[in-house]
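Working notes, structure below.
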Amino acid sequence: AEPKVIKEEERETNSTVRDATFSIFKLFSYCIQFLGAFFFIGLILNFAGFGYTVDLEHGLVIDRMENIRNEIQFEREIERETMEGSKYLIAPKVPE
């Protein structure tokens, strides 16, 4: 009677492990499919002249490529001006 009990416990353990493994595989599969669809839609948007940006402040923003390029260039210019402007905050040495 003891070998049957051990085999039933092994079957239950194997079934649990199998179910957990299948659930992880299924979740991974859905994630990969979602990412593929996301990038495919991005490619279609690019062919149509649109682009998208994703950030924490605004979320997903879909706009014309020209507007996105201008916005990125504007942000870079602001960063550059901020970096150049910060070096003037330190008082230069003046000869006495």
Under 4.5 Å side-chain linkage, directly or through intermediates, the cluster mates of Ile72: Ile68

Atom pair CG/OG1 of Leu60 and Thr53 - distance to nearest 0.5 Å: 7.5 Å

Other ILVMFWY residues reachable from Ile24 by side-chain steps of under 4.5 Å: none

Between CE on residue Met65 and OH on residue Tyr52, distance to nearest 0.5 Å: 10.5 Å

Residue list, side chain to side chain contact (heavy atoms under 4.5 Å, CB included) with Leu56, at least two apart or on another chain: none

Qualifying salt bridge (charged side-chain N to carboxylate O under 4.0 Å, His left out) pairs, either residue in residues 68-78, two or more places apart: Glu77-Arg80

Cluster link Val54 to Phe50, ILVMFWY, side chain under 4.5 Å: yes

With sequence neighbours excluded, residues passing side-chain hydrogen bond (donor to acceptor under 3.5 Å, both in side chains) with Asp63: Asn67

For Asp19, side chain to side chain contact (heavy atoms under 4.5 Å, CB included) partners two or more places apart: Ser15

Between side-chain atoms of residues 32-49 and protein atoms elsewhere (two or more places apart, or another chain), which donor-acceptor pairs fall under 3.5 Å?
| unit_1 | atom_1 | unit_2 | atom_2 | d |
| --- | --- | --- | --- | --- |
| Gln33 | NE2 | Ser29 | OG | 3.3 |
| Asn46 | ND2 | Gly42 | O | 3.1 |

